Structures are given as structure tokens and as C-alpha cells.
Amino acid sequence: MKKKLLPKPRDWDQVMMRMAQVIATMSKDPFTKVGAVLVSPDRTRISVGYNGFPRQIPDVAAWWNNRADDKEFSKYELVRHAEMNAITQAKTDLAGWTLYVTHHPCMDCAKHIVAEGIARVVYHLNIDQLHMSINHSKVSRVFKIAGISFEQLELDEECA
């Protein structure tokens, strides 16, 4: 006789996206905080990342606040995206994994996601809610060519 299992209290995607939102709070970026969670196909391993400077680069406030290209570093020249940090932290083969990210991925991250063999990308914020320019149709197209599932997730109000 098969035992009846109790339902999970929340949808897995909702929980993982909430986790990505919590990870995003670790970013020192004063304008945009992005979080990413990578999950193995059997849901037993995760890797996380947030947007930030590489480990060896100090978090100089002037660099974080500098959005212009001038003689000083700008944050855009130094920051690594949350997706890239989660990929680097995983230190394993990511074929078949799912990536949850709080913001729509950019094209540069999309190329790395494809190269790693990630099977599914779930994002929350759409491009019209972002500060950087992203071409949704090109990112969607590269994922489609690579056979990667790409979807936006609306968060449940009860989890907010």
C-alpha cells in the first residue's frame, strides 16, 4: 500500500525565489541588489551568489557609488553578477541544474548559463524594472536555441 504524503507547505519555485531575494540582501550595491540560487536536479545541492566585487577587490564606497566612466573605477567595471557568482561557487558540473535569479539575466550571463549546461532559468523582475539595458528577445532566443527553459515567476502574496 502506497503511503499518502503530506503536501509541501509552499511551492518549491516560490521558496527558491524567496531564498534568492534573501541572498540579494548581502550585496553592497546601493542601487541594485541581485540574488541567485542554483539547485541540482535532485534538489539536494545548492549554490548561491549575489552581485558584488570579486573577493580580492575591497568594497570601496566611492566605487559602488560611481556609475560614470572616468579616472576612478565605476561599479560596472568591477561588479560580478549574481548568476556568475553562483556558478563559480558551485564548483561542480551544472548540467541539468535550475537557476533562480531575482532579476532578468543579461546577455553576458545568458552565454555563461548556456555554456554551463543549466537546464532552467527562473527570474522574478522583468526588464522594465531594471536599471541596466537588457534585450529580452535576444536572451530568450539564446536560451531557446540552447533548449533552456526560461520563465518569469510572479511571487505569491502570501509569501511576501
Side-chain angles (χ1 to χ4, degrees), residues 9-40 43 45-92 94 97-116 118-140 142-143 148-160:
R10 290 197 180 126
D11 177 79
W12 180 263
D13 288 345
Q14 294 284 323
V15 173
M16 290 299 104
M17 190 60 73
R18 291 292 180 196
M19 184 182 288
Q21 288 181 319
V22 170
I23 296 301
T25 66
M26 297 176 69
S27 173
K28 294 179 181 156
D29 189 326
F31 304 104
T32 305
K33 295 180 183 305
V34 182
V37 176
L38 269 167
V39 182
S40 65
R43 299 179 177 174
R45 294 173 289 157
I46 66 168
S47 178
V48 300
Y50 56 89
N51 57 319
F53 294 164
R55 191 173 295 152
Q56 300 81 357
I57 305 295
D59 287 304
V60 176
W63 297 343
W64 275 116
N65 290 305
N66 184 7
R67 294 171 135 182
D69 292 332
D70 58 13
K71 294 179 183 177
E72 192 60 45
F73 288 120
S74 75
K75 77 172 188 172
Y76 301 115
E77 293 170 315
L78 296 175
V79 76
R80 283 180 45 123
H81 289 184
E83 300 94 324
M84 294 307 304
N85 283 325
I87 288 168
T88 301
Q89 293 299 318
K91 295 182 179 13
T92 191
L94 298 175
W97 286 48
T98 297
L99 173 67
Y100 296 89
V101 62
T102 57
H103 292 57
H104 189 296
C106 71
M107 190 60 173
D108 192 46
C109 288
K111 293 184 292 186
H112 290 282
I113 290 164
V114 169
E116 293 294 332
I118 293 168
R120 182 175 176 234
V121 176
V122 181
Y123 68 98
H124 174 56
L125 294 179
N126 208 341
I127 55 175
D128 60 348
Q129 298 168 290
L130 307 180
H131 295 290
M132 66 185 287
S133 176
I134 294 175
N135 187 321
H136 173 76
S137 63
K138 284 187 178 180
V139 170
S140 295
V142 77
F143 285 153
I148 296 172
S149 172
F150 183 49
E151 59 201 83
Q152 183 176 14
L153 177 68
E154 295 295 327
L155 290 173
D156 292 342
E157 289 300 318
E158 65 187 41
C159 295

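All values derive from a computational prediction rather than experimental measurement. Residues: numbered from 1 along the sequence shown.
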Run the side chain to side chain contact (heavy atoms under 4.5 Å, CB included) test on V60 and F53 for me, step by step, so that the C-alpha distance in whole Å, both residues' side-chain angles and the decisive distance to 0.1 Å come before the verdict.
CA-CA 10 Å; V60 176; F53 294 164; 5.5 Å; no
Please examine the side chains of [Y] and [X], heavy atoms only from C-beta on, and report whether any two atoms are closer than 4.5 Å.
X: N66; Y: F73; answer: no
X: H136; Y: F150; answer: yes
X: I134; Y: V139; answer: yes
X: P30; Y: N65; answer: yes
X: D29; Y: K75; answer: yes
X: I113; Y: L99; answer: yes
X: V48; Y: Q89; answer: no

From CA spacing to verdict: side-chain hydrogen bond (donor to acceptor under 3.5 Å, both in side chains), E151, S149
CA-CA 7 Å; E151 59 201 83; S149 172; 3.1 Å; yes
Set out, in order, the CA-CA distance, both residues' side-chain angles and the distance that settles side chain to side chain contact (heavy atoms under 4.5 Å, CB included) for E116 and W97, then state yes or no.
CA-CA 9 Å; E116 293 294 332; W97 286 48; over 6 Å; no
Do the numbers put R67 on top of the ring of Y76, so that NZ or CZ is under 6.0 Å from the six-membered ring centre and no more than 45° off the axis?
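No, R67 does not lie over the aromatic ring of Y76.
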Just by modelled atom types, is the D11 backbone N or O under 3.5 Å from a matching donor or acceptor in the Q14 side chain?
no
How far apart are the closest heavy atoms of [X] and [Y], and which atoms are they?
X: S47; Y: A86; result: OG-O, 2.7 Å
X: A24; Y: G35; result: CB-N, 3.3 Å
X: T32; Y: S27; result: O-OG, 4.0 Å
X: G49; Y: N85; result: CA-CB, 4.0 Å

Is the closest side-chain donor-acceptor distance between D59 and W64 under 3.5 Å?
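Indeed, the side chains of D59 and W64 share at least one donor-acceptor pair under 3.5 Å.
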Side chains of T88 and R80: any donor to acceptor distance under 3.5 Å?
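Indeed, the side chains of R80 and T88 share at least one donor-acceptor pair under 3.5 Å.
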At what distance, to the nearest 0.5 angstrom, does CE of M19 lie from CE of M16?
4.0 Å
Yes or no on side chain to side chain contact (heavy atoms under 4.5 Å, CB included) for V121 and I148, after CA distance, side-chain angles and deciding distance?
CA-CA 7 Å; V121 176; I148 296 172; 4.0 Å; yes
Centroid-centroid under 6.0 Å between [X] and [Y] rings:
X: Y50; Y: H81; result: no
X: Y123; Y: Y100; result: no
X: H124; Y: H103; result: no

In this structure, are over 12 heavy atoms from other groups packed under 6.0 Å from M107 atom CE?
yes
Go through the steps for I118 and I87 under the test side chain to side chain contact (heavy atoms under 4.5 Å, CB included), then give the verdict.
CA-CA 10 Å; I118 293 168; I87 288 168; 4.2 Å; yes
